[in-house]
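Each ligand, and each atom within it, is numbered from 1 in the order the structure gives. Treat the numbers as computed from the prediction; the structure is a model and nothing was measured.
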Amino acid sequence: MTKTISVKNFINGHFERNGQESMDVISPIDGSTIADLPLSSYDDVDKAVKAAKEAFPAWSGKTLKERVQVFFKYRSLLEQHKDELTKLVQLENGKTYGEAEAEVLKSMELCEFAVSMPQIVVNEIQEVSRGVECRIERKPLGVVASITPFNFPNMVPHWTMPNAIVLGNTMVMKPSEIVPLSTMRMAELLKEAGLPDGVFNIVNGGKEVVEAICDHPGIEAVSFVGSTKVAKIVYRRATSNLKRCVALGGAKNHLLVLPDANPDMTASNVVASMSGCAGQRCMAASVMVGVDKIQHIIDKMVEEAKNIVPGENLGSVITAGAKERIERYIDEAEKGGAKILVDGRNTTVPGKEGGFYVGPTIIDYVTPDMAVAKEEIFGPVISIIHAKTLDEAIQIENASNYGNAAAVFTQSGKMAKYVMERASAGMVGVNIGVPVPREPFSFGGWNESKFGVGDITGRSSIEFWTQNKKTTTKWNPEDQINWMS
Ligand code: NAD
């Protein structure tokens with residue numbers, strides 16, 4: 001039995017808890033209560049904003065080269081504590097050790113990009129006419145906020161925190177109330193790395209905290225990652241309060257499989273994409289559109305799925321409610337006439353009967369009007385739709401409200417290019433099931449998968465976390481000569 005952890009807010013460099021109402025944090029691995037989380041209010045957000053505001057002048061007054069020093073140290077602390085951080089992600093999120101470790105490694109890579117900022121963020125200066133110079137400098141915004149989801153407790157907070165802070169902002173973070181522990185540990189390691197008090201703050205809780213962040217006049221910019229439903233709420237509320245906002249939402253990623261695709265590579269990529277992190281990735285394959293004759297690839301996918309063992313190489317889904325929702329989608333598809341080739345319903349893991357597991361599920365003969373073809377399921381489930389032509393497959397992909405990722409599997413460069421140009425998605429893969437752009441490239445979808453200008457990571461994030469100061473100077477060269485002589 002794991003000892004229950006008391007989750008605390010982190011304000012001005014100190015952990016605190018003020019008798020707020022609380023909720024239990026449950027480990028999805030076995031259903032046990034692992035922590036107790038405070039449901040903070042506007043006043044708690046206000047306190048965090050005040051601390052961040054107070055820390056801003058000194059932090060933003062340092063040079064970029066000085067600020068990145070903290071993150072060299074922090075990155076090495078992530079490496080030093082990799083095993084412990086990996087186990088923490090596993091405990092609160094339920095993913096496998098390998099998946100959780102990959103998250104921590106990605107967080108380290110995100111810090112590597114942040115410490116490279118002095119090489120990238122070089123200000124501009126030009127003599128626009130004799131004696132007249134225009135100069136552009138990137139300046140931080142002030143206090144900024146980051147609101148994160150449950151599915152990557154360690155990595156998604158690192159999409160925003162290192163870049164925003166290295167660029168001179170101070171931050172209030174609101175982690176998912178379902179997985180608050182990784183963020184708490186992040187605060188401890190940042191302090192150990194030498195980050196001054198007040199530069200990074202955490203306020204725990206639910207929607208009240210999010211609403212307070214969107215409303216608080218002291219916060220200049222809000223970044224959000226989560227479902228499309230909440231992304232819309234946050235984007236509308238934050239921008240109506242005149243804040244800068246980028247809000248990443250949900251996904252329904254389509255993989256287009258052509259008959260000439262390499263069968264082994266395609267089957268293993270598609271199955272890994274739909275089942276990795278138990279399908280709880282905004283980059284997970286959710287619909288496979290098979291063009292013409294692809295039965296040989298489907299047969300291999302079924303074989304491949306048999307090697308996936310819940311509780312061993314497949315983690316849990318996040319809550320009992322998520323398990324119910326995913327199984328309801330499978331039930332409905334079956335009732336609607338689809339054929340369940342691999343069925344992950346009613347899965348239990350011996351010794352972890354209280355955990356929330358869904359086995360890999362492959363559903364064939366899905367039609368584009370079914371809920372499993374249109375809605376985000378967020379579980380280890382793939383729906384197969386059959387198309388006669390590549391254009392029909394592209395039309396199916398284009399019709400989705402979402403547009404995070406899309407991929408094509410083919411050995412023809414011409415066909416791949418055809419899909420690359422026509423897919424309605426922000427991130428496109430060719431023979432890659434999870435086409436995540438790595439730094440310095442940026443991460444972000446299209447359509448209802450993202451609201452706001454620019455992306456959340458990479459070079460694009462520099463625009464989001466800074467504002468340009470334009471200075472024009474005029475000198476009289478002759479005056480200078482007179483003074484000098
Ligand atoms: P969620 O939208 O339920 O929660 C995200 C955050 O919003 C949490 O911090 C939560 O406390 C808060 N929140 C929840 N309901 C709210 C409300 N009514 N008003 C204000 N705030 C509210 O998302 P989740 O279930 O934690 O995460 C899974 C979702 O995130 C999936 O849809 C997934 O596709 C998406 N996601 C997207 C990306 C991306 O890059 N596009 C990345 C990761 C996850």
Side-chain angles (χ1 to χ4, degrees), residues 7 23 25 28 37-40 42 45 92-95 103 106 110 145-160 172-180 182-183 202-215 222-238 245-253 276-286 317-319 321-322 325-326 356 375-379 400-406 425-427 434-437 442-452 454-458 460-461:
V7 176
M23 65 172 264
V25 179
L37 173 125
L39 293 167
S40 306
Y42 187 95
V45 172
E92 59 181 348
N93 175 279
K95 52 182 76 170
E103 252 198 72
K106 182 66 196 168
L110 288 156
S146 175
I147 302 162
T148 60
F150 79 79
N151 62 330
F152 283 93
N154 192 296
M155 181 189 76
V156 170
H158 288 90
W159 276 1
T160 55
V172 177
M173 181 169 278
K174 201 300 258 181
S176 164
E177 63 274 39
I178 307 173
V179 294
S182 294
T183 314
I202 304 170
V203 182
N204 288 288
K207 96 194 245 265
E208 293 71 21
V209 176
V210 173
E211 288 169 357
I213 285 172
C214 294
D215 294 347
V222 177
S223 78
F224 171 88
V225 182
S227 62
T228 290
K229 183 179 144 226
V230 183
K232 284 181 181 173
I233 295 171
V234 168
Y235 188 75
R236 288 197 176 109
R237 194 155 174 158
C245 183
V246 66
L248 272 63
K252 188 78 188 169
N253 304 318
C277 297
Q280 299 174 122
R281 284 190 286 197
C282 64
M283 296 297 279
S286 187
V317 297
I318 193 67
T319 57
R325 186 195 66 237
I326 297 161
F356 317 126
E375 295 169 21
E376 183 175 43
I377 302 172
F378 226 49
S400 173
N401 289 341
Y402 297 100
N404 217 39
M427 294 170 279
V434 185
V436 175
S442 56
F443 188 102
W446 283 7
N447 310 328
E448 297 212 337
S449 291
K450 195 198 70 191
F451 306 97
D455 294 324
I456 202 157
T457 62
S460 183
S461 74

- Query: Between the main-chain N or O of Gly403 and the side-chain N or O of Ser449, is there a donor-acceptor pair closer than 3.5 Å?
  - Reply: yes
- Hey, are Ser286 and Lys252 close enough side-chain-wise for a donor-acceptor pair under 3.5 Å? yes
- Message: Given Val230, Leu248, Ile233, identify the one with the heavy atom nearest to atom 16 (C) of ligand 1.
- Response: Val230
- Message: Let me confirm one number: the CD1-SG distance from Ile147 to Cys245, rounded to the nearest 0.5 Å.
- Response: 7.5 Å
- Message: Is atom 4 (O) of ligand 1 touching the protein, meaning some protein heavy atom lies under 4.0 Å away?
- Response: no
- Item | ligand 1-proximal atoms of Gln280, by part, heavy-atom distance under 4.0 Å | neither
- Item | Identity and separation of the nearest protein heavy atom to atom 12 (C) of ligand 1 | Val210 CG2, 3.9 Å
- Item | Close-contact set for ligand 1 against Asn404 heavy atoms, below 4.0 Å | 41 (N)
- In Å, rounded to the nearest 0.5 Å, how long is the span from CZ of Phe356 to CD1 of Ile326? 11.5 Å
- Message: Counting only heavy atoms closer than 4.0 Å, does ligand 1 sit against the backbone of Val234, its side chain, both, or neither?
- Response: neither
- Item | Which segment of Ile318 sits under 4.0 Å of ligand 1 when only heavy atoms are counted | neither
- Item | Closest protein heavy atom to atom 23 (O) of ligand 1, given as residue, atom name and distance to 0.1 Å | Ser227 N, 3.4 Å
- Query: Step by step, would you call Lys232 with Glu448 a side chain to side chain contact (heavy atoms under 4.5 Å, CB included)?
  - Reply: CA-CA 9 Å; Lys232 284 181 181 173; Glu448 297 212 337; 3.2 Å; yes
- Message: Please work out, at 4.0 Å between heavy atoms, whether the side chain, the backbone, both, or neither of Arg281 comes within that distance of ligand 1.
- Response: neither
- Query: Between Phe150 and Phe378, what is the ring plane arrangement, given parallel below 30°, perpendicular above 60°, and tilted in between?
  - Reply: perpendicular
- Would one find an N or O of Gly205, backbone or side chain, under 3.5 Å from an N or O of ligand 1? no
- Message: On a heavy-atom basis, I'd like to know which of Ala322, Gly249, Gly445, Ser449 is closest to atom 41 (N) of ligand 1.
- Response: Gly249
- Item | Test item: Ser40 side-chain N/O and Asn204 main-chain N/O as donor-acceptor pair under 3.5 Å | yes
- Query: So, is Asn151 polar-close to ligand 1, with some N/O to N/O distance under 3.5 Å?
  - Reply: no
- Going by the atom numbers of ligand 1, which of them fall below 4.0 Å from some non-hydrogen atom of Lys174? 8 (C), 9 (O), 10 (C), 11 (O)
- Do me a favour and list the nearest non-hydrogen protein atom to atom 10 (C) of ligand 1 with residue, atom name and distance? Glu177 OE1, 3.5 Å
- Compute both the distance and the angle, then confirm whether Lys450 meets the cation-pi test with Tyr402: under 6.0 Å from the six-membered ring centre, within 45 degrees of the axis. no
- Do the side chain of Arg325 and the main chain of Ile377 share a donor and acceptor less than 3.5 angstrom apart? yes
- Item | Protein residue, atom and distance nearest to atom 8 (C) of ligand 1, heavy-atom basis | Thr148 O, 3.4 Å
- Which residues satisfy the side chain to side chain contact (heavy atoms under 4.5 Å, CB included) test with Asn253, sequence neighbours excluded? Ala251, Asn404, Ala405
- Looking at Phe224, which atoms of ligand 1 are within less than 4.0 Å of one of its heavy atoms? 2 (O), 5 (C), 6 (C), 7 (O)
- Task: Tell me which protein heavy atom sits closest to atom 24 (P) of ligand 1, plus the residue, atom name and distance to 0.1 Å.
- Result: Phe150 CD2, 3.5 Å
- Query: Are any of the side-chain heavy atoms of Phe152 and His158 separated by less than 4.5 Å?
  - Reply: no
- Return the residue, atom name and 0.1 Å-rounded distance of the protein heavy atom closest to atom 32 (O) of ligand 1. Glu376 OE1, 2.6 Å
- Message: Main chain of Gly250, side chain of Thr228: is a donor-acceptor contact present, judged purely on distance under 3.5 Å?
- Response: yes
- In the protein, which heavy atom is nearest to atom 28 (C) of ligand 1, and how far is it? Phe378 CE2, 3.6 Å
- Query: Is the backbone N or O of Gln280 less than 3.5 Å from a side-chain atom of Asn151, with the two atoms forming a donor-acceptor pair by type?
  - Reply: yes
- Query: Of all residues at least two apart in sequence or in a different chain, which pass the salt bridge (charged side-chain N to carboxylate O under 4.0 Å, His left out) check with Glu177?
  - Reply: Lys174
- Message: Among all protein heavy atoms in this structure, tell me which lies nearest to atom 17 (C) of ligand 1, with the distance rounded to 0.1 Å.
- Response: Lys207 CB, 3.7 Å
- Task: Examine the proximity of ligand 1 to Trp159 and report which part, side chain or backbone, both or neither, has a heavy atom under 4.0 Å away.
- Result: side chain
- Message: Using a 4.0 Å heavy-atom cut-off, which part of Phe152 comes near ligand 1: side chain, backbone, both, or neither?
- Response: neither
- Message: Tell me the nearest of Gly226, Ala251, Cys282, Gly250 to atom 35 (C) of ligand 1, using heavy-atom distances.
- Response: Gly226
